[in-house]
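As the structure lists them, so they are numbered: ligands from 1, and atoms in each ligand from 1.
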Amino acid sequence: MYDNILQKLQTERRLSGSEYKYLLETDRYDEELNVAARNKAQEIFGNKVYIRGLIEFTNFCKNNCYYCGIRAGNKCALRYRLGKEEILSCCRRGYELGFKTFVLQGGEDKHFTIEILCDIVSAIRREYKDCAITVSFGEMSAIEYEKLFKAGANRYLLRHETASPEHYAKLHPVDMSYENRMRCLLDLKRIGFQTGCGFMVGSPYQTVDNLVADLEFIGQFKPQMVGIGPFLPHKDTPFGHFPPGSLEMTLKLLSIIRLMEPNVLLPSTTALATLSKDGCERGILAGANVVMPNLSPQIAKNKYMLYNNKSSVGAQDAQALSVLQSRLDNIGYTISYARGDYN
Ligand code: SAH
């Protein structure tokens with residue numbers, strides 16, 4: 001059974017709902033699945049891992065997602081935002097280290113109006129013509145996304161969080177809607193962004209059927225990027241007492257997604273690296289092909305706390321990047337300094 005399903009996933013790239021469910025539920029060790037996904041990634045990207053410089057530019061947020069440490073309701077969070085010049089100097093440092101993608105991620109901070117955001121994006125675009133700019137700044141109107149695209153952003157990360165409306169409602173307050181999240185993703189893709197969706201593994205109330213729905217959603221949406229990582233509790237949130245998601249389940253899902261969408265840009269996420277000390281490497285060995293070292297300045301460092309004990313693959317300086325390189329060396333991979341667009 002297992003072998004037939006794995007075979008079908010490799011040749012047809014899609015499974016039925018019950019076949020996905022079988023793969024997710026079997027307690028059989030997943031080495032074969034991970035190896036198949038790793039081989040698929042190597043076929044396409046070689047033994048190379050793309051790096052993206054992550055700039056966490058604000059932790060103010062108007063939203064109140066129950067899982068997130070920077071939710072508006074968390075009065076313990078120490079808030080900060082970076083100015084345009086600080087963001088540009090992160091890019092400068094990143095560029096000197098060889099980064100060709102900058103990811104601007106933040107909470108939904110209304111200080112950053114679309115005009116301010118576009119001004120920052122166009123400044124980066126002017127100075128770094130050969131770089132990709134990724135934005136991850138939550139939900140906006142189609143018109144705002146269009147302005148951002150025109151200003152020079154190329155990619156947008158917006159995890160769908162869960163493809164089940166009922167589950168979505170358990171993770172978010174009533175003023176946030178599944179429908180709007182999905183509307184955003186469709187707009188982003190239509191406008192021409194390389195678009196990333198994704199979800200947390202083991203988020204509270206998640207069922208295997210919810211995960212099957214996530215895979216089916218990915219199968220029909222065909223994103224260019226998928227961000228997944230384990231849910232990790234943050235003590236000052238309503239979900240602070242829930243257990244973290246599982247490493248094995250996260251690796252299994254990374255592998256399935258790689259086999260469904262061979263060309264997809266799939267990061268081995270910070271959450272995975274936080275869950276386990278070799279999480280970053282294990283993600284790559286399960287089919288991931290991207291890592292996102294942190295370029296944020298010191299003042300942001302311990303404040304962009306989505307969950308407790310957040311680890312950081314650092315890129316403060318060349319030395320931190322060489323630590324990443326040597327970790328990759330140990331598993332037979334190297335950093336790719338290419339821009340790494342979706343093909
Ligand atoms: N405001 C942006 C960026 C959110 S932070 C947006 O709405 O897209 C990026 C991602 O971190 C979220 O999409 C979520 O999936 C993840 N995240 C937030 N809290 C988390 C937690 N406690 N554990 C694991 N991942 C979390």
Do Ser296 and Asn294 have a side chain donor and acceptor closer than 3.5 Å?
-> yes
Under 3.5 Å between some N or O of ligand 1 and some N or O of Phe231?
-> no
For atom 4 (C) of ligand 1, is the nearest protein heavy atom under 4.0 Å away?
-> no
Report yes if some N/O of Glu161 lies less than 3.5 Å from some N/O of ligand 1; otherwise report no.
-> yes
Leu247 side chain reached by Pro230 side chain, heavy atoms, under 4.5 Å | no
Please say whether Phe137 places an N or O atom under 3.5 Å from an N or O atom belonging to ligand 1.
-> no
Identify the closest protein heavy atom to atom 2 (C) of ligand 1: which residue and atom is it, and at what distance?
-> Gly106 O, 3.4 Å
Polar contact flag for Tyr67 and ligand 1 (N/O pairs, less than 3.5 Å) = yes
Using a strict 4.0 Å cut-off to heavy atoms of Arg159, name the atoms of ligand 1 that fall inside it.
-> 13 (O), 14 (C), 15 (O), 16 (C)
Please could you name the atoms of ligand 1 that Pro230 approaches to less than 4.0 Å, counting only its heavy atoms?
-> 24 (C)
Charged N to carboxylate O below 4.0 Å: is that the case for Arg339 and Asp130?
-> no
Check whether the side chains of His160 and Asp214 place a donor and an acceptor atom closer than 3.5 Å, and report yes or no.
-> yes
Electrostatic pair Glu43-Lys40, nearest N-O below 4.0 angstrom | yes
Applied to residues 113-137, the ring pair (Phe, Tyr, Trp, His ring centres under 6.0 Å) test, sequence neighbours excluded, yields Phe57-Phe137, Tyr95-Tyr128, Phe102-Tyr128
Taking the six-membered ring for Trp and the single ring otherwise, decide whether the centroids of Tyr156 and Tyr145 are under 6.0 Å apart.
-> yes
May I ask you to decide if the ring planes of Phe239 and Phe242 are parallel, tilted or perpendicular, using 30° and 60° as cut-offs?
-> perpendicular
Do the charged groups of Arg92 and Glu127 touch, with an N to O distance under 4.0 Å?
-> yes
Proximal ligand 1 atoms for Leu158, defined as those under 4.0 Å from one of its heavy atoms = 8 (O)
Considering only protein heavy atoms, which is closest to atom 23 (N) of ligand 1, and at what distance to one decimal place?
-> Leu232 N, 3.0 Å
Using non-hydrogen atoms of the residue, decide whether Cys61 is closer than 4.0 angstrom to ligand 1.
-> no
Shortest reach to atom 17 (N) of ligand 1 by a heavy atom, considering only Met200, Arg181, Lys310 = Met200
Going by distance only, is there an N or O of His234 that falls short of 3.5 Å from an N or O of ligand 1?
-> no
Could you list which atoms of ligand 1 come closer than 4.0 Å to a heavy atom of Gly138?
-> 2 (C), 6 (C), 7 (O), 8 (O)
